[in-house]
Amino acid sequence: MNKQPLFHISKRKALKWYQSWTIRGVAIILALLLCAVVTTAMTGENPLEVYKSIWEGAFGTLRKTWILMQNIAILLCVSLAVTPAFKMRFWNIGGEGQVLVGGLATAACMILLGDKLPGWLLIVIMTLAAIVAGGIWGAIPAIFKAKWKTNETLFTLMMNYVAIQLVAFFVIVWEVPKGAGKIGIINQTTEAGWLPVIGGQKYLLNILIVAILTVAMYVYLKYSKHGYEISVVGESERTARYVGIKVDKVIIRTMILSGALCGVAGLLLVGGTDHTITTTSANGRGFTAVLVSWLAKFNPIVMILTSFLLEFLGRGASEISTTFGLNHAFGDILTGIILFFIIGSEFFITYQVHFRRAARKEAENV
């Protein structure tokens with residue numbers, strides 16, 4: 001008698017959208033229940049009060065809401081940038097460095113040209129500089145991958161450290177005051193190079209720009225010839241070459257686009273909101289964007305929701321530590337539990353678990 005395994009896993013047929021979101025919803029509810037148990041056991045605090053503080057951390061005041069929306073916009077911009085590369089199965093882990101070099105190019109224009117050019121022309125040059133700098137930073141690992149088959153994961157990761165050291169060098173050169181570890185507020189007196197404020201909200205322009213980029217990226221990936229080529233290369237390079245697609249050209253072109261969009265994120269940070277740059281200006285978004293893109297399954301519209309989720313949880317974790325006097329790590333524990341359940345739900349959306357008993361009953365019915 002052959003022993004059957006206790007369970008086996010098989011790939012599901014494509015679920016309808018409401019079935020997928022039902023599974024995700026159940027996962028979030030289970031995560032919140034587990035978080036409630038952990039909160040009560042570890043701190044003795046009322047879980048409902050903790051959840052309330054998470055909400056207050058994100059939406060407690062109008063200012064907090066705007067900051068949340070700004071953070072979502074920047075994270076979404078970086079996520080949009082790395083998505084074409086990921087869809088092509090080019091593992092671009094260099095978003096952090098590409099954002100930094102874009103921001104550094106922006107800062108250089110503001111510092112060196114701020115008092116020499118009209119405001120509108122300075123912003124145009126800043127934008128071009130950020131896009132070109134990010135594009136070059138993305139093109140370098142792409143060229144090595146296309147020509148010499150180097151490992152893009154390690155290459156792009158190492159280039160992050162090069163970018164960090166470049167920023168560190170110029171921060172020392174330009175820092176105000178000396179020893180501050182960052183460039184002083186750039187052009188605080190003249191505000192030369194500062195992106196315009198719309199509707200009295202300095203974050204609104206960033207949000208609108210990223211909204212336009214989101215729609216453009218969705219159309220680009222889904223309906224353009226380039227988007228089709230990216231999909232084919234991602235499925236199989238051999239098939240792509242067979243149908244006449246120049247794979248090396250697609251790799252380089254896509255990574256230039258990826259780096260350029262990261263450069264735009266650097267522009268929005270330095271020119272739009274921070275008006276300074278440090279080695280931590282990207283704030284880990286290049287790595288977080290990997291999770292955002294993957295959870296959204298490379299769909300730019302769904303990335304809005306995943307970006308919101310991660311930023312909402314991040315703001316909530318900070319609020320928990322402030323309100324209840326808890327170690328910031330506790331908020332991160334709750335965030336980790338919720339993300340674990342959400343990521344796990346994607347497994348059950350893609351795969352189905354069959355248990356031995358169920359299999360035996362099916363055999364008897366036959």
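- The two residues Ala130 and Leu267 make their nearest non-hydrogen contact at CB-CB, 3.9 Å.
- In this structure, Ala58 and Leu68 approach most closely via the heavy-atom pair CB-CD2, 3.8 Å.
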Test log, rule side-chain contact (heavy atoms from CB on, under 4.5 Å), inputs Val270 and Met126: CA-CA 10 Å; Val270 176; Met126 285 164 44; over 6 Å; no

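- With rounding to the nearest 0.5 Å, the separation of SG in Cys77 from CE in Met217 is 9.0 Å.
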message = Run Trp91 and Leu157 through side-chain contact (heavy atoms from CB on, under 4.5 Å) and show every step you take.
response = CA-CA 10 Å; Trp91 307 116; Leu157 181 62; over 6 Å; no

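- The side chain to side chain donor-acceptor pair (under 3.5 Å) analysis of residues 97-121, with sequence neighbours excluded, yields the pairs Asn92-Gln98.
- The nearest pair of heavy atoms linking Thr214 to Pro300 is CG2-O, 3.5 Å.
- Because its NZ or CZ atom is not both nearer than 6.0 Å to the ring centre of Trp66 and within 45° of the ring axis, Arg63 does not count as a cation-pi partner of that residue.
- In terms of modelled atom types and a separation under 3.5 Å, the side chain of Arg12 and the main chain of Thr350 share no donor-acceptor contact.
- Atom-to-atom distance recorded for Tyr161:OH and Leu166:CG is 15.0 Å, nearest 0.5 angstrom.
- Once rounded to the nearest 0.5 Å, the distance linking OG1 of Thr306 with CG of Leu291 reads 8.0 Å.
- Although no hydrogens or angles enter the test, the distance criterion places a donor-acceptor pair under 3.5 Å between the side chain of Asn151 and the main chain of Thr153.
- Listed here is the closest heavy atom pair of Gly114 and Leu122: CA-CD2, 3.8 Å.
- Here the OG atom belonging to Ser79 is positioned 11.0 Å from the CD1 atom belonging to Ile304, to the nearest 0.5 angstrom.
- Of the possible donor and acceptor atoms, none in the side chain of Ser236 sits under 3.5 Å from a partner among the backbone N and O of Val232.
- Taking the six-membered ring where tryptophan is involved, the planes of Phe59 and Trp55 are tilted, since the angle between them lies from 30° to 60°.
- Between Phe86 and Phe298, the ring planes lie tilted relative to each other; the angle falls in the 30° to 60° range.
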Can you give each donor-acceptor pair under 3.5 Å made by side-chain atoms of residues 190-198, sequence neighbours left out, with the distance rounded to 0.1 Å?
from	atom 1	to	atom 2	distance (Å)
Thr190	OG1	Ala192	N	3.3
Trp194	NE1	Ile186	O	2.7

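- Under the 4.5 Å side-chain heavy-atom criterion for Ile, Leu, Val, Met, Phe, Trp and Tyr, Ile28 and Leu30 are members of the same hydrophobic cluster.
- Checked by atom type and distance alone, the side chain of Ser345 pairs as donor or acceptor with a backbone atom of Ile342 at under 3.5 Å.
- Counting only distance, with no hydrogens or angles, the side chain of Tyr203 and the backbone of Ala73 share no donor-acceptor pair below 3.5 Å.
- Panel note: side chain Gln352, backbone Ser10; no donor-acceptor pair is recorded below 3.5 Å.
- For the atom pair OG (Ser293) and CG (Leu76), the distance works out to 10.5 Å, reported to the nearest 0.5 Å.
- Around atom NZ of Lys246, no more than 12 heavy atoms belonging to other residues, nucleotides or ligands sit under 6.0 Å away.
- Rounding to the nearest 0.5 angstrom, the gap separating the CD atom in Glu311 from the CG atom in Leu309 is 10.0 Å.
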Distance-only criterion, 3.5 Å: show the donor-acceptor pairs between side-chain atoms of residues 204-213 and protein atoms not counting sequence neighbours.
from	atom 1	to	atom 2	distance (Å)
Asn206	ND2	Gln70	OE1	3.1
Asn206	ND2	Leu268	O	3.2

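- The aromatic rings of Phe144 and Phe155 sit tilted relative to each other, their planes meeting at an angle between 30° and 60°.
- Ion pair Arg89/Glu235 not flagged as a salt bridge, since none of the NZ, NE, NH1 or NH2 atoms sits closer than 4.0 Å to an Asp/Glu carboxylate oxygen.
- In terms of modelled atom types and a separation under 3.5 Å, the side chain of Asn299 and the main chain of Ile301 share a donor-acceptor contact.
- What you find for Ala105 and Ala133 is that their closest heavy atoms are CB-CB, 3.8 Å.
- For Glu229 and Arg253, the salt-bridge test passes: some basic side-chain N is under 4.0 Å from an acidic carboxylate O.
- Side chain of Glu96 to backbone of Arg285: a donor-acceptor contact under 3.5 angstrom is found.
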